[in-house]
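Below: one structure, written as structure tokens.
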Amino acid sequence: MFFPPAEAELEEAWLTEAGLSSLVVGSSSTETPPVVEAVLSTLTRQQAATVRKRLDNYNETLRKRNRQPIRDVRDVFTEPEADSTDHNPFPTQQHPEPPPRRYHTTTKTIRRSTNRGRSTLPVFVFEDQLPEDPSSPAPTPSPSSVVSRLRCADWLLRDTPYSEGVVEHKRGETCRDCIRFHGDESSDLQFAPASPSHGLTCTDDLSSRDLTRLGFIAHIELSTFLLALGVQSKRSRPPHRRTRDSGVFGVSLNSLLDNDRKRFPGVKVPVFFQKLLGVLEQSGLQTEGILRVPGSAARLKLLRRELDRCWCTFDWTDVRPADAGGLLKLFIRELPTPLLTHTHLSTFCSVLGVSSEAHQVQALQLLLLLLPEAHRNTLRALLLFLRKVVSHQDHNRMSLWNVSMVMAPNLFTRHNHRNKRSITKQKEEMEEAMGGARLIGLMIRHQDLLWTLPRFLLAQVRQMNQASSQRQFNLSRTTSRLLRRKNDKNDRNLVGELSEGVIRVHAPLHTKVSMAIQLDEQTTARDVTTRFQSESSPTQHLYEVGGNIYERRLQPDCCLLDVYRVNPRCDWLIKP
């Protein structure tokens, strides 16, 4: 049997992206590194079977090529799997002792009345008002909004991975989600986010360290999920393509961000891209055929040259909406690495092989977590803009399908170097364009769900953090500096351990530096930040720091008692 030369490299790339690179790269040591050990300890039976299959295939490929396998799969999976199906996402391990507290401790205990109910379920609709900064999260729509056929995406609240719940789907397409969301063959189905009081987390609420580990689990779960659904996905090797170091067109997103951060530290989406979207929002949303009607080729060529030369001083006043739309599509099309990346482009297409729309959204949710941070944030900004275009379809005549069809060739680009293409090839490209349009439509409609982490993923990250280190995570240098301010002169105010259900919130940037709070079933993050908020202070957020998470920003309606039960040894910090 002949194995293509690239097969071992593709399997190696898969294992590397799953955080298991030490199993295949250079080391013949029989000792499993801590990070790999932590990843493996969190896997369910089906997830572990996916990893084993990949490692077996990698070793078999090496044998066929007369190379010695690095590790035998039996050396990796040495623990029995009998209990892996009933795997508890919140293990009852002994929590390490917290470090000595050195915070200023002006103390005030707060008890809230329990006559307030939980916040109502937010409803997702198209919004006319979106944030000015495309990289910022979309505002929570009004609960009074109404969308036909709206159903809560309660799969976000489950403690079991998606792959564990689709056995029935593979057998007869009668799994719970199919019955729950597709029982009446609804054609205008719309999923609504679950209530924020359940403590769900968005991708930009986590630290980069936690996001990296989240990517390991999401990568394994996505492969397991698609395999359980009977969908085959293939990784593709990125082609070699020349990149530019100057200008804005044909320059990688990372290079653009590196330049932007010299002037705007912390920016997440290229400033040029934000500016282009802003111009289109100001002048193009009411324009009929925006994004569909092409601009002048001669003007686009001239505009591109001027923008590449010095876009910072460019005057956008006279740029026509059609030309701005052409520049947007050109920018996306000219990226040296596609916005959806070469690596994952074929996997996006394979999602169309899933028969259930609910499962398609679940697969996209996992897949978007695998995109590089710059690509994920830029895609999010683009989807926010496209949703805004669709919300003005009464004026611009651009429906969801029209917008999706126009953008599909730019996001699902296949570079063809031959001018002559067969009829079969043209037909395949047309089918790819139609499939890409359906995917873009899904992402525009359900984008609020796509950036929300399902509970089981965060639970596996917590367990991975516990497995990799039995002691509490050290705080970041920046956080430590904040917490150390004004501490030395207040050591006499240190207090002992708090009673059950009482947390101490630290706000180093405020006059009221520390406060003890008694939690109840109704206490939310907003209730705490309000205690420290003043008219002149910027918007503050409550963070969960340490314990079994590195750092997590809590949503305003998050129930704090739920967080306390999951991570009782964390610190609570208020900062912008």
Side-chain angles (χ1 to χ4, degrees), residues 18-20 34-45 47-48 51 79 83-99 155-164 194 196-222 224 365-366 369-370 451-476 479 503 519 525 541-555 558-573:
L20 306 173
V35 174
V36 173
E37 209 169 67
V39 173
L40 297 176
S41 69
T42 67
L43 303 182
T44 63
R45 175 175 296 182
Q47 291 172 345
V51 174
E79 296 296 326
D83 299 330
S84 59
T85 304
D86 301 324
H87 176 68
N88 180 9
F90 303 118
T92 56
Q93 299 182 10
Q94 182 66 32
H95 293 286
E97 291 299 321
W155 65 70
L156 295 169
L157 305 177
R158 297 177 195 159
D159 293 328
T160 54
Y162 297 151
S163 57
E164 297 289 327
S197 62
H198 290 293
L200 294 175
T201 303
C202 296
T203 53
D204 55 355
D205 290 335
L206 289 181
S207 66
S208 58
R209 179 172 179 173
D210 290 319
L211 275 176
T212 298
R213 298 192 167 200
L214 184 79
F216 296 158
I217 303 298
H219 178 63
I220 296 172
E221 169 62 13
L222 176 64
T224 307
Q365 189 179 44
L366 295 170
L369 291 173
L370 307 184
W451 313 118
T452 304
L453 304 179
R455 180 178 291 173
F456 76 86
L457 271 185
L458 189 59
Q460 287 189 276
V461 171
R462 290 184 185 277
Q463 186 182 2
M464 185 177 175
N465 287 337
Q466 286 186 339
S468 63
S469 176
Q470 293 302 311
R471 64 182 182 274
Q472 188 179 26
F473 282 118
N474 294 324
L475 301 180
S476 66
T479 305
I503 64 173
L519 300 180
H541 300 279
L542 182 62
Y543 287 79
E544 168 196 2
V545 183
N548 54 33
I549 206 76
Y550 191 72
E551 184 174 280
R552 173 192 173 209
R553 181 177 62 197
L554 301 178
Q555 294 293 315
C558 174
C559 179
L560 297 187
L561 194 57
D562 293 339
V563 180
Y564 175 81
R565 289 165 178 162
V566 172
N567 193 8
R569 294 294 184 179
C570 72
D571 285 306
W572 305 81
L573 178 67

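Scope of the values below: all heavy atoms of this structure, side chains included, with no hydrogens, waters or symmetry mates.
- From L458, atom CG reaches atom CG of L156 across 12.0 Å, with rounding to the nearest 0.5 Å.
- For the pair E164 (side chain) and P161 (backbone), a donor-acceptor distance under 3.5 Å is absent.
- Judged as a side chain to side chain donor-acceptor pair (under 3.5 Å), and not counting sequence neighbours, the contacts of S207 are D210.
- A 4.5 Å side-chain heavy-atom check between L554 and W572 finds at least one atom pair inside the cut-off.
- Atom CG of N548 and atom CD of Q463 lie 10.0 Å apart (nearest 0.5 Å).
- With Q555 as the partner, the side-chain contact (heavy atoms from CB on, under 4.5 Å) test is satisfied by one option alone out of L542, D205, L200, T201: D205.
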From CA spacing to verdict: side chain to side chain contact (heavy atoms under 4.5 Å, CB included), R552, V563: CA-CA 11 Å; R552 173 192 173 209; V563 180; 4.0 Å; yes
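- Here the closest non-hydrogen pair linking Y550 and N465 is N-ND2, 4.2 Å.
- Here the closest heavy-atom approach between residue L560 and residue I503 is recorded as CD1-CD1, 4.4 Å.
- Scanning all heavy atoms of the two residues, the minimum distance from A467 to S41 falls at CB-OG, 3.4 Å.
- Residues meeting the side chain to side chain contact (heavy atoms under 4.5 Å, CB included) test with L369, sequence neighbours left out: T203, L214, A218, L453, L457.
- Distance check: R553 CZ to H541 NE2 gives 5.0 Å after rounding to the nearest 0.5 Å.
- Under the side chain to side chain contact (heavy atoms under 4.5 Å, CB included) criterion, A18 pairs with W14, L20, H219, I220, not counting sequence neighbours.
- With rounding to the nearest 0.5 Å, the separation of CG in D571 from CD in E551 is 11.0 Å.
- Not counting sequence neighbours, E221 has no partner by the salt bridge (Lys or Arg N to Asp or Glu O under 4.0 Å) test.
- The line from CE of M464 to CZ of F216 is 5.5 Å long, rounded to the nearest 0.5 Å.
- Remark: the backbone N or O of T42 is paired with a side-chain donor or acceptor of Q460 at under 3.5 angstrom.
- Within the 3.5 Å criterion, the main-chain N or O of W451 finds no donor-acceptor partner in the side chain of D204.
- A distance of 12.5 Å separates CZ in R213 from CG in L206, rounded to the nearest 0.5 Å.
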